[in-house]
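Heads up, the thing below is written out as structure tokens.
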Amino acid sequence: MAGPTIPTNPVSEDNASAYDFVPTPSTGQEPGARGVSPPPQASFSPDSDTEYVDGEDPRTANADWHGTSRSEEPRMGDYFQKRRDLLDILKSLHSTGIQNELDLPQIVVIGSQSVGKSSLIESMSGLTLPRDTGTCTRCPMECRLQYGEVWSCEISLRFHVDRTGRALATVRNVPFGPKLYNAEDVEKMLRRAQRAILRPELDPTLFIDDSDLHVFGVPLTFSGNCVCIQVTGPKVPDLYFYDLP
């Protein structure tokens, strides 16, 4: 007697389609059921028991040993360089006096007396600014901060209006004193620079050694002319702003 017939496919017609084998789009092979891709291969990191899919550690896939993305470093370097180039352009434009004709982009520090404007500028620049009872700042101060390997500060005077406030035909940019390498010397020179702005009829060199104190005259109460400072240093951000009276 012949034994029972064993069906070649034990799956019923109702659910047979679920087991149809079709090639996957990526490989053309028949690894599994319809629409199901083969599972990714897993591996272990040599430094830990953490399992990573396809053997790729996301911490080091696109990073150096310090965790900084290799693709980010050149982008950030380009950004810093472009920012400094733009600051150079702004400085050149301001030195021509074109701000009297065009509105150039500016960051301005404003606020009531004793609200902390000087403290904010000091924290950003590493300078010690003049402080007095009452109104101390009597002319605008242009502050240009820029990264550099060695800390230094340069002060200059910019005259673009006369004593009555009328625009000059030519803007005068006058270096004021030597380049400073000690932050403690800046406050004293800023006081002298402001006095030079408030007495534009005198030679600015008279103020560097306080010789102006022996010259009779009445200074202006306020002036639109500007004391310019440029500070560079390893902990100085790239920034360009104005401190107003």
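What's counted below: heavy atoms across the whole structure, side chains too, no hydrogens, waters or symmetry copies.
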Side chain to side chain donor-acceptor pair (under 3.5 Å) partners for [X], two or more places apart:
X	result
T170	none
S156	none
S119	R131
D209	S211

First locate atom [atom1] of [X], then atom [atom2] of [Y], and finally report the distance between them rounded to the nearest 0.5 Å.
X	Y	atom1	atom2	value
L180	D185	CG	CG	6.0 Å
R144	D238	CZ	CG	8.5 Å
C228	I197	SG	CD1	7.5 Å
L168	R158	CG	CZ	12.5 Å
T232	E149	OG1	CD	10.0 Å

Among all residues two or more places apart in sequence or in another chain, which pass the side-chain contact (heavy atoms from CB on, under 4.5 Å) test with [X]?
X	answer
T205	D203
V236	L145, W151, V231
A196	L157, F176, F207

*Using the side chain to side chain donor-acceptor pair (under 3.5 Å) rule, collect all pairs that involve residues 186-202, keeping only residues at least two apart or in two chains.*
D132-R191, R163-E201, E187-R191, R192-D210, R195-D210, R195-D212
Could you report the tightest heavy-atom contact between [X] and [Y], atom names first, then the distance?
X	Y	result
S152	K179	CB-CD, 3.9 Å
V109	F241	CG2-CD1, 3.7 Å
G217	P219	O-CD, 3.7 Å
E122	L129	OE2-N, 2.9 Å

_Listed once per pair and sorted, the salt bridge (charged side-chain N to carboxylate O under 4.0 Å, His left out) pairs that draw on residues 214-229, sequence neighbours left out_ = none
*Can you pull the salt bridge (charged side-chain N to carboxylate O under 4.0 Å, His left out) pairs that have at least one residue in residues 222-236, sequence neighbours excluded?*
none
*asked:* Could you walk me through whether E184 and T128 satisfy the side-chain contact (heavy atoms from CB on, under 4.5 Å) test, starting with their C-alpha distance in whole Å, then the side-chain angles of each, then the deciding distance to 0.1 Å, before giving a yes or no?
replied: CA-CA 7 Å; E184 297 179 354; T128 300; over 6 Å; no
*Apply side chain to side chain donor-acceptor pair (under 3.5 Å) to the pair Y240 and Q146, showing each step before the final yes or no.*
CA-CA 9 Å; Y240 201 132; Q146 186 172 353; over 6 Å; no
*Look at atom CG of L213 and say whether more than 12 heavy atoms of other residues, nucleotides or ligands are closer to it than 6.0 Å.*
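Yes, enclosed.
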*asked:* Quick check: do N225 and V161 have side-chain heavy atoms less than 4.5 Å from each other?
replied: yes
*I would like to know whether I229 and V186 meet side-chain contact (heavy atoms from CB on, under 4.5 Å); could you show each step before the answer?*
CA-CA 10 Å; I229 62 173; V186 175; 5.7 Å; no
*Any chance you could pull the hydrophobic cluster mates of L198, using side-chain heavy atoms under 4.5 angstrom and chaining through other members?*
L220
*Could you please spell out the steps behind the side-chain contact (heavy atoms from CB on, under 4.5 Å) verdict for I155 and V227?*
CA-CA 7 Å; I155 302 175; V227 174; 4.1 Å; yes
